[in-house]
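Below: the structure, in structure tokens.
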Amino acid sequence: MDSLWTMTAQPPQFSDRKQTMHADVAVIGGGMAGILCAYFLAREGVDCLVLEAERVCGGVSANTTAKLTFQHGLFCDTLLRRFGKERAQMFLASQREALSQYQTLCSEIDCDHSQTSSGVYALHDRAAIEREVRAFEALGIDARFEPSLPIPLSIAGAVCVDGQAQFHPLKFAWALAKDLRIRENTRALALTDDGVITSDGPVRAKSVIVATHFPFPRWRGAYFLKMHQERSYVLALDNAADAGGMYVDMEKEGLSFRNHGTALLLGGLSHRTGVQSAGWEPLCGFAKEHYPAAREVCRWATQDCITLDAVPYIGRLSKRTPNVYVAAGFNKWGMSSSMAAAIILRDLLTGRGSPYAALYDPSRSIMRAQLFANAAHSTLGLLTPTVPRCGHLGCALKYNKQEHTWDCPCHGSRYSQRGEVAEGPAQKKIHRK
Ligand SMILES: Cc1cc2nc3c(=O)[nH]c(=O)nc-3n(C[C@H](O)[C@H](O)[C@H](O)COP(=O)(O)OP(=O)(O)OC[C@H]3O[C@@H](n4cnc5c(N)ncnc54)[C@H](O)[C@@H]3O)c2cc1C
């Protein structure tokens with residue numbers, strides 16, 4: 001399934017076989033996070049080599065909706081309550097710095113970058129929207145309450161912020177990637193004391209950044225407990241009314257809207273990967289009812305990693321791996337957070353230190369309610385006696401009738417009908433016994 005982005009941009013060719021198998025920093029994974037990390041370090045004169053298992057930006061970053069915003073759902077009120085004012089301000093500062101870096105870089109790259117406003121709406125819970133407006137106020141950010149939006153939904157209210165942006169993620173990332181040292185079709189298999197073992201042989205590196213979406217090492221850092229994946233669906237529609245901004249429902253099962261050129265991207269219906277869903281059907285029903293003259297250009301589905309506390313994991317992979325760093329757990333906001341990761345990891349790896357390091361530290365406390373939900377899903381998946389089983393930790397896979405794949409409800413790995421890995425963390429073919 002091609003996304004609108006893959007249909008409208010040309011991937012560059014990399015002369016990857018010429019790349020030597022050593023570097024100061026090996027960046028594993030050539031998605032938005034890996035490319036930005038390598039780009040920022042290379043700009044500092046650090047010798048970086050990107051190791052990509054398949055093609056650069058062929059993963060989730062090719063299937064995003066590419067809104068560039070610090071408005072990560074109804075997050076301000078949650079952040080204030082969960083972390084207090086100082087940390088909430090820190091989070092916002094890191095995300096705003098990330099957006100301003102995008103603005104600078106995009107001014108030099110032809111990537112359809114445009115400024116717009118964003119909004120989070122509630123169908124019923126006006127009080128939650130009002131709380132969010134007050135939380136923005138408390139954090140010193142201009143935000144406004146809107147009673148209605150130019151989308152065909154009757155809402156209880158929306159909290160909107162100006163000065164956000166949208167872009168074409170592949171035009172952007174592929175332009176940056178052209179000048180980097182990259183080996184495509186090179187899968188990292190294991191970390192070693194002096195680098196990485198890959199499918200093409202060992203790579204020596206002083207430091208390693210794991211930017212493989214879900215970290216590929218199975219046990220280090222306990223990401224199998226700290227993250228799960230949620231999948232959602234997108235339709236690109238021609239001849240649908242312009243949404244006039246980027247909007248998302250406060251509920252994860254709700255809808256999302258943004259335009260790209262003449263197309264409206266209608267998305268949403270998020271659910272835990274591996275759980276049965278109606279796929280694109282509700283989106284098609286909504287489009288038929290509210291945009292009857294629209295034509296479907298393409299459709300796709302994708303998933304992202306969800307952390308325990310809505311803050312990504314950026315920093316040392318684990319306490320025991322001083323030279324291995326991670327950028328993961330973007331909670332469906334990985335465009336701005338990939339940039340935040342690139343800034344933070346550049347500063348940590350060049351010895352400057354980052355004011356944001358403690359907030360994003362992957363080794364922070366895991367005592368959150370979601371931890372118990374993740375543990376319960378894993379236990380159930382492991383105890384379910386059916387085959388086939390996941391090559392990651394061995395959970396029972398569920399058949400996804402919409403996409404004809406085998407999906408893992410524990411950590412979100414997905415397999416084709418032939419048993420090949422379609423999405424990680426699994427790195428090996430399906431277990432049939
Ligand atoms: C439906 C949806 C809509 C979204 N919309 C937005 C949005 O509007 N705004 C926003 O900010 N965010 C959005 N996101 C989130 C954002 O798209 C992701 O967080 C981001 O693209 C993740 O980038 P990544 O580099 O971590 O992962 P990826 O792009 O998946 O890159 C990881 C790369 O690692 C490679 N890899 C994996 N294992 C190995 C290995 N062992 N060795 C070498 N390479 C390996 C893969 O092949 C892949 O290329 C959305 C997410 C979803 C699901």
Side-chain angles (χ1 to χ4, degrees), residues 3 5 26-38 50-73 95 98-99 102 118 164-167 169-170 173 177 182-191 196-200 203 208-218 229-235 246-248 252 256-258 260 265-271 273 300-307 312-314 326-342 412-413 421-428:
S3 72
W5 317 123
V27 178
I28 307 176
M32 188 62 85
I35 293 299
L36 282 172
C37 286
V50 178
L51 304 166
E52 165 52 51
E54 296 179 15
R55 303 295 315 274
V56 164
C57 277
V60 183
S61 301
N63 296 303
T64 176
T65 47
K67 302 176 192 130
L68 295 173
T69 177
F70 58 71
Q71 198 182 21
H72 296 184
Q95 296 288 329
L99 296 184
Y102 267 114
S118 83
Q164 311 300 292
Q166 53 192 18
F167 74 150
L170 295 185
I182 294 182
R183 285 185 76 103
E184 291 189 309
N185 302 309
T186 305
R187 182 173 289 277
L189 303 173
L191 299 172
V196 192
I197 305 284
T198 77
S199 50
D200 269 2
V203 169
V208 173
I209 295 176
V210 177
T212 53
H213 192 235
F214 201 117
F216 79 97
R218 278 197 288 185
Q229 297 204 58
E230 290 185 5
R231 194 155 185 83
S232 38
Y233 304 86
V234 187
L235 287 184
M246 313 181 297
Y247 307 114
V248 64
K252 72 171 189 191
S256 126
F257 301 79
R258 75 156 273 196
H260 177 72
L265 305 193
L266 176 64
L269 312 175
S270 187
H271 62 84
T273 304
W300 68 92
T302 189
Q303 61 192 35
D304 208 12
C305 298
I306 310 297
T307 61
Y313 300 126
I314 302 169
V326 68
F330 295 139
N331 302 299
K332 299 207 174 172
W333 295 105
M335 295 291 107
S336 60
S337 290
S338 286
M339 184 66 89
S413 297
V421 176
E423 293 192 58
Q427 304 282 320
K428 287 189 273 177

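Note that the structure is predicted; figures quoted are calculated from it, not measured. First listed ligand is number 1; within each ligand, the first listed atom is number 1.
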For the pair Ser256 and Lys67, evaluate side-chain hydrogen bond (donor to acceptor under 3.5 Å, both in side chains) and give the outcome as yes or no after the intermediate values.
CA-CA 10 Å; Ser256 126; Lys67 302 176 192 130; 2.9 Å; yes

For Met335, counting its heavy atoms only, list the atoms of ligand 1 lying under 4.0 Å from any of them.
9 (N), 10 (C), 11 (O), 12 (N), 16 (C), 17 (O), 20 (C), 21 (O)

Considering only protein heavy atoms, which is closest to atom 23 (O) of ligand 1, and at what distance to one decimal place?
Ser61 OG, 3.2 Å

Any nitrogen or oxygen of Met32 lying under 3.5 Å from a nitrogen or oxygen in ligand 1? Just yes or no.
yes

Between Thr65 and ligand 1, which residue portion shows a heavy-atom distance shorter than 4.0 Å: side chain, backbone, both, or neither?
both

Heavy-atom distances under 4.0 Å decide this one: backbone, side chain, both or neither, for Ala66 against ligand 1?
backbone

Give yes or no for whether the N/O distance cutoff of 3.5 Å, strictly under, is met between Ala327 and ligand 1.
no

For Val56, which part has a heavy atom under 4.0 Å from ligand 1: side chain, backbone, both, or neither?
neither

Would you check whether Gln427 has a nitrogen or oxygen atom less than 3.5 angstrom from a nitrogen or oxygen atom of ligand 1?
yes

Between the side chain of Ser338 and the main-chain N/O of Gly334, is any donor-acceptor distance below 3.5 Å?
yes

Does Ala211 have a heavy atom less than 4.0 Å from any atom of ligand 1?
yes

Check: Thr302 N/O within less than 3.5 Å of ligand 1 N/O:
no

Check if Thr186 has a non-hydrogen atom at a distance under 4.0 Å from any atom of ligand 1.
yes

Taking 4.0 angstrom as the limit and counting only heavy atoms of Ser336, give me the atoms of ligand 1 inside it, by number and element.
11 (O)

Could you check whether the rings of Tyr233 and His271 sit parallel, tilted or perpendicular, using 30° and 60° as the cut-offs?
parallel

Any N or O on Val234 sitting closer than 3.5 Å to an N or O of ligand 1?
no

Under 3.5 Å side-chain donor-acceptor pair for Ser118 and Gln164
no

Do Gly34 and ligand 1 have an N or O pair less than 3.5 Å apart?
no

Are any of the N/O atoms on Phe216, whether in the backbone or the side chain, positioned under 3.5 angstrom from an N/O atom of ligand 1?
no

Can we say Glu52 and Arg187 salt-bridge, meaning some charged N sits less than 4.0 Å from an Asp/Glu carboxylate O?
no

Relative to each other, are the rings of Phe167 and Tyr102 parallel, tilted or perpendicular (30° and 60° limits)?
perpendicular

For Ser232, the option from Gln303, Lys252, Lys332 that meets side-chain hydrogen bond (donor to acceptor under 3.5 Å, both in side chains)
Lys332

Heteroatom proximity flag, Ser338 to ligand 1, N/O under 3.5 Å
no

Closer than 4.0 Å to some heavy atom of Gln303 - which atoms of ligand 1 meet that?
53 (C)

Going by distance only, is there an N or O of Ser232 that falls short of 3.5 Å from an N or O of ligand 1?
no

Below the 3.5 angstrom mark, is there an N/O of Phe330, backbone or side chain, next to an N/O of ligand 1?
no

Decide whether the shortest distance between a heavy atom of Gly267 and an atom of ligand 1 is less than 4.0 Å.
no

